[in-house]
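In this chain, numbering begins with 1 at the start of the sequence shown. All heavy atoms count here, side chains included; hydrogens, waters and symmetry mates do not.
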Amino acid sequence: MMRSLFSAVSGLKTHQTKMDVIGNNVSNVNTVGFKSSRVVFSDIMYQTSASATAANAATGKGGMNAKQIGLGVAMGATKITITSSGSAETTGDPFDIRLTDKVTTNFFVVNNGSQNLFTRSGSFYIDGSGNLAMTSTGYTVMGWQVDPTTGEIKKDTVSALRIMQEKNQTSAPEATTLGTVGGIMDKNDVNVTSDDGHIMNLNFYDKLGYRYVAQFSVKVVDPDNGDYTVELKDILDSENKSVLSEYLDNGGDLAAVFGRNTTSKKTYPITDSHIKYMTNGDPNLGFQGDGYYYQYATFDTAGNPITEYVQVTMDTATNTYTVPSYTYFADAQSGIDQVGGITTQPKTGTVTDLFGITQAQLNANGSTTTPTGSFNTTTGAYEYTSPAVNYTLKFNPDNGEFTYVGMQGSDTVTLNLADTLGNNFENIEIDFSGCTNAENGGKSTIGASAGINNGSEGKGKPLGVLIGLSVDNNGKIYGSYDNGNTELLGQIAVAQFANASGLEKVGENCYMTTLNSGEFDGIGVEVAADGSSMTSGELEMSNVDLSTEFTQMIITQRGFQSNSRIITVSDTLLEELINLKR
């Protein structure tokens, strides 16, 4: 009888404990990330009044089971339903993050200033120091940082994710490297036929993020044949100041900024001192009378050299030379043979037209600089390249389609800024393949813009200011900047345990490791490693099921009531025993 009393007492205590657990579950029905618990009962040790016996073949008596009387019930364990996820609650806050488990239960890693703890509550915010932290406790969220060398996540020991640190407030500017020209070129556009041509602007940035405008002029050459030219007119800074004029005033070459090499055919000087003065003629050369002569060489169609002389008139008042005509000899010997009968072939044009040198070079004591080039034995001339300040823009005259720019087979030309205006610039390759030649009501729409592939690649950008933050499904945190950049700022790491239900609850929605949960290695894993994910703008609600809890409450109540009845009945029996002595 006394045993039943104490067994009933143990039953009351364990059912009270179970009721306490149910009460805790119900009270946390709206706690973010809360995991419900349930009590596991176990019976207490038994009093054995007779042990089991084996069968005896000699006596023919069978075996008997042990005779045991139980001594009550105890709480065997409280088991956390850790693997059961709560429903999703949409909040729209980018730093409300819900963990969706695929295989293993994941936990956010947070730090309370002295140790790492673990939580399923993904309600975070940016604290006053710029750290990502738990909204409820202020514990800092741990994760991986960005390697400044590679720009990728470096998965080493987790550390506090200081998202709003100084280096993340801005995004570095980028220099423009690519440009695109598109639109319609209408040969009837009055601007195209004017001296200024059709003006198109290219907005671009240097390496420091300063904005500039390159102005180009498109002019018609032969509209019926689809021939146009593109010329650089000016480069203006953000204050409308001409940086191109400043460059040219300091001795810069316009052709070096936006120029092409054109092939020229010129005669080749024989020596560096070309002008000779001959008194009363030179019988060896066949010249008659006093005068200066310019000696040079050409080649015949067979590649044989031909020595030629040009009579140069000197103006003693100004000490300059002019070339009114030249005297031609097939070779020196023929000149000697034709003394008195020299063949003169008048020639008009400038010194540059005739010899490929300037008047100033000719005036400098007859010396000139030999241009770089090569002999063309087919044409019998010396060919070299000279710079020009425009490019040919060619369209197919039959269908108006773009053919080439600059040279046959080319879709692009280069605006050479780094080599001319300074190292803070990048050269810009401009693609003209998107423009066409067509009738458009006398209006040309051809224009230039920075970047290719929808204006994203090579466009260039100014310095960007942080305007937004976001978290993707892998836990990577990105910053959005007002210059269009999106940069990786860090990644939220998660922890996984061999026995997640072995974690110890420490309150404030946090857990800590125990000897039976498994240890945290200090590094963590990427949430997507086993197919799990994070969802921004959502929270995991409590996994408490009220219908289950109320059912368990009824069962617990009846269990408590039954144990109370055991005590009542045992008391009645004791009362009957006491009454025997009356």
**Q** Answer yes or no: does atom OH of Y478 have more than 12 heavy-atom neighbours from other residues, nucleotides or ligands under 6.0 Å?
**A**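 Yes, because the 6.0 Å sphere around OH of Y478 holds more than 12 heavy atoms from other groups.
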**Q** Are more than 12 heavy atoms from other residues, nucleotides or ligands located less than 6.0 Å from atom CG of N65?
**A**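 Open: at most 12 neighbouring heavy atoms sit under 6.0 Å from CG of N65.
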**Q** So that I can tick it off, tell me whether E152 and K476 are bridged by a salt bridge, with the cut-off set at under 4.0 angstrom between side-chain N and carboxylate O.
**A**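 So K476 does not pair with E152 through a salt bridge.
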**Q** Could you report the tightest heavy-atom contact between N483 and L463, atom names first, then the distance?
**A**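 Closest pair (atom of N483, atom of L463, distance): ND2-C, 4.0 Å.
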**Q** Is it true that, when you exclude K13 itself, more than 12 heavy atoms of the residues, nucleotides or ligands shown sit nearer than 6.0 Å to its NZ?
**A**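 Check fails, neighbour count at 12 or below.
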**Q** Do the side chains of P94 and S536 get nearer than 4.5 Å, heavy atoms only?
**A**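 Counting from C-beta outward, S536 and P94 do come under 4.5 Å.
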**Q** To the closest 0.5 Å, what do you measure between CZ (F95) and CD1 (I163)?
**A**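 These two atoms lie 6.0 Å from each other.
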**Q** Please walk me through it: do V405 and V181 pass side-chain contact (heavy atoms from CB on, under 4.5 Å)?
**A** CA-CA 11 Å; V405 64; V181 173; over 6 Å; no
**Q** Report yes or no: does S517 contribute a side-chain atom to a donor-acceptor pair with the main-chain N or O of T513 at less than 3.5 Å?
**A**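 Between the backbone of T513 and the side chain of S517 there is no qualifying donor-acceptor contact (under 3.5 Å).
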**Q** I'd like to check K154 versus Q145 (side-chain heavy atoms, cut-off strictly below 4.5 Å). Are they in contact?
**A**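 No; the side chains remain at least 4.5 Å from each other.
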**Q** Of I430, N203, T180, which is the lone residue that meets side chain to side chain contact (heavy atoms under 4.5 Å, CB included) with S449?
**A**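 Answer after filtering I430, N203, T180: T180.
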**Q** Does S501 use its side chain to pair, donor to acceptor, with the backbone of I80 at less than 3.5 Å?
**A**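 Not confirmed, S501 side chain does not pair with I80 backbone.
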**Q** So, do D431 and L178 sit near enough that their side-chain heavy atoms are less than 4.5 Å apart?
**A**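 Side-chain contact under 4.5 Å: no.
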**Q** One pair to check against side-chain contact (heavy atoms from CB on, under 4.5 Å): L117 and Q115. What are the steps and the verdict?
**A** CA-CA 6 Å; L117 299 174; Q115 63 176 331; 3.9 Å; yes
**Q** Consider side-chain hydrogen bond (donor to acceptor under 3.5 Å, both in side chains). Of T105, D101, N106, which one does Q496 pass it with?
**A**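 Going through the options one by one, the only one that passes is N106.
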**Q** What is the minimum heavy-atom distance between Y205 and R211, and which atoms define it?
**A**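 Taking Y205 first and R211 second, the nearest heavy atoms are CE2-CB, 3.7 Å.
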**Q** Hey, mind stepping through M164 and L469 against side-chain contact (heavy atoms from CB on, under 4.5 Å) and telling me if it holds?
**A** CA-CA 10 Å; M164 297 297 288; L469 296 167; 4.0 Å; yes
**Q** Side chains of N131 and T140: donor-acceptor distance under 3.5 Å anywhere?
**A**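 Distance-only check fails for N131 and T140.
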**Q** Could you walk me through whether N416 and T414 pass the side chain to side chain donor-acceptor pair (under 3.5 Å) check?
**A** CA-CA 6 Å; N416 299 301; T414 302; 5.0 Å; no
**Q** Between the main-chain N or O of M185 and the side-chain N or O of N437, is there a donor-acceptor pair closer than 3.5 Å?
**A**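 Answer holds: yes.
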**Q** If we ignore hydrogens and angles and just use 3.5 Å, is the side chain of T514 paired with the main-chain N or O of N516 as donor and acceptor?
**A**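 Yes, because the side chain of T514 sits within donor-acceptor range (under 3.5 Å) of the backbone of N516.
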**Q** Roughly how far, to the nearest 0.5 Å, is the NZ atom of K18 from the CD1 atom of I555?
**A**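 Spacing of CD1 (I555) from NZ (K18) equals 5.5 Å.
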**Q** If we ignore hydrogens and angles and just use 3.5 Å, is the side chain of N509 paired with the main-chain N or O of V32 as donor and acceptor?
**A**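 Checked: pair present.
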**Q** Is the shortest heavy-atom distance from the side chain of D93 to the side chain of Y125 under 4.5 Å?
**A**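 Side-chain contact under 4.5 Å: no.
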**Q** Can you tell me if CD1 on I467 sees more than 12 non-hydrogen neighbours from other groups inside 6.0 Å?
**A**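 Counting neighbours around CD1 of I467, more than 12 heavy atoms of other residues, nucleotides or ligands fall under 6.0 Å, so yes.
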**Q** When you check the side-chain N and O atoms of N543 and T81, is any donor under 3.5 Å from an acceptor?
**A**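 Note: N543 and T81 side chains meet the donor-acceptor criterion.
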**Q** Above 12 or not: heavy atoms from other molecules or residues under 6.0 Å from CD of E429?
**A**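 No, CD of E429 has 12 or fewer neighbouring heavy atoms, counting only those of other groups under 6.0 Å.
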**Q** What is the distance from atom CD of E401 to atom OG of S433, rounded to the nearest 0.5 Å?
**A**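 Nearest 0.5 Å value for the CD-OG distance: 11.5 Å.
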**Q** Without swapping roles, check the side chain of K155 against the backbone of W144 for a donor-acceptor pair under 3.5 Å.
**A**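 Pair absent, no side-chain N/O of K155 close to backbone of W144.
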**Q** How about L132 and I126: do any of their side-chain heavy atoms sit closer than 4.5 Å?
**A**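 Counting from C-beta outward, L132 and I126 do come under 4.5 Å.
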**Q** Do you know the tightest heavy-atom contact between D482 and G464?
**A**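 Heavy atoms only, the tightest pair is OD1-CA, 3.3 Å.
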**Q** Is it the case that more than 12 heavy atoms not belonging to K459 sit under 6.0 Å from its NZ atom?
**A**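 Incorrect, the count does not exceed 12.
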**Q** Any side-chain heavy-atom pair from T119 and Y139 closer than 4.5 angstrom?
**A**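 No - every pair of side-chain heavy atoms lies 4.5 Å or more apart.
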**Q** About how many Å separate CZ of F432 and OG1 of T403, when rounded to the nearest 0.5 Å?
**A**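 Here the interatomic distance stands at 14.0 Å.
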**Q** Should Y212 and F425 be marked as a ring pair (Phe, Tyr, Trp, His ring centres under 6.0 Å) after you check the CA-CA gap, both sets of side-chain angles, and the distance that decides it?
**A** CA-CA 10 Å; Y212 298 84; F425 292 93; 5.0 Å; yes
**Q** Which heavy-atom pair separates K35 from G86 by the least distance, and what is that distance?
**A**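 Distance-wise, the nearest heavy atoms are NZ-N, 4.1 Å.
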**Q** So, S10 side chain and A74 main chain: donor-acceptor pair closer than 3.5 Å or not?
**A**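 No, S10 side chain to A74 backbone: no donor-acceptor pair under 3.5 Å.
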**Q** Backbone N or O of T100 within a donor-acceptor pair of the E540 side chain at under 3.5 Å?
**A**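 No.
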**Q** Check whether more than 12 heavy atoms from other residues, nucleotides or ligands sit under 6.0 Å from atom CG of N30, and answer yes or no.
**A**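 Atom CG in N30 is not packed in, count stays at 12 or less.
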**Q** Taking the side chain as every heavy atom from C-beta outward, state whether N201 and Q215 have any pair of such atoms under 4.5 Å apart.
**A**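 Result yes, sub-4.5 Å side-chain heavy-atom pair found.
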**Q** More than 12 non-hydrogen atoms from neighbouring residues, nucleotides or ligands closer than 6.0 Å to NZ on K505, yes or no?
**A**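 Above 12, so yes.
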**Q** Quickly, which of F107, F108, Y511, F497 forms a ring-ring contact (aromatic ring centres under 6.0 Å, His included) with F118? Name it, please.
**A**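 Result for ring-ring contact (aromatic ring centres under 6.0 Å, His included) with F118: F497.
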**Q** Using a distance-only test with no angle check, is there a side-chain donor-acceptor pair under 3.5 angstrom linking S129 and D127?
**A**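 Looking only at side-chain atoms, D127 and S129 do not form any donor-acceptor pair under 3.5 Å.
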**Q** State, to 0.1 Å, how close C510 and V110 come at their nearest heavy-atom pair, and which atoms those are.
**A**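 Smallest heavy-atom distance, with atoms named: SG-CG2, 4.3 Å.
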**Q** Could you check whether S171 and E487, counting side-chain N and O atoms only, form a donor-acceptor pair closer than 3.5 Å?
**A**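 Their side chains do contain a donor-acceptor pair, which is all the 3.5 Å distance test asks for.
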**Q** Look only at the side chain of N25 and the backbone of E549, and say whether a donor-acceptor pair between them is shorter than 3.5 Å.
**A**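 No: the side chain of N25 does not pair with the backbone of E549.
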**Q** Between D419 and N427, does the side-chain contact (heavy atoms from CB on, under 4.5 Å) criterion hold? Intermediate values first, please.
**A** CA-CA 8 Å; D419 302 329; N427 293 338; 3.7 Å; yes
**Q** Keeping the roles fixed (side chain from T445, backbone from I184), state whether a donor-acceptor pair exists under 3.5 Å.
**A**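 Answer holds: yes.
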**Q** Say you draw a straight line from CG of N473 to OG1 of T535; how long is it, rounded to the nearest 0.5 Å?
**A**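 Rounded to the nearest 0.5 Å, the CG-OG1 separation comes out at 5.5 Å.
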**Q** Would you mind reporting whether F520 and V158 have side-chain heavy atoms less than 4.5 Å apart?
**A**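 Result yes, sub-4.5 Å side-chain heavy-atom pair found.
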**Q** How close do S7 and G72 get, counting heavy atoms only, and between which atoms?
**A**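 Minimum heavy-atom contact is OG-N, 3.4 Å.
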**Q** What's the spacing between Y210 OH and N424 CG if we round to 0.5 Å?
**A**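 Going from OH on Y210 over to CG on N424, the span is 9.5 Å.
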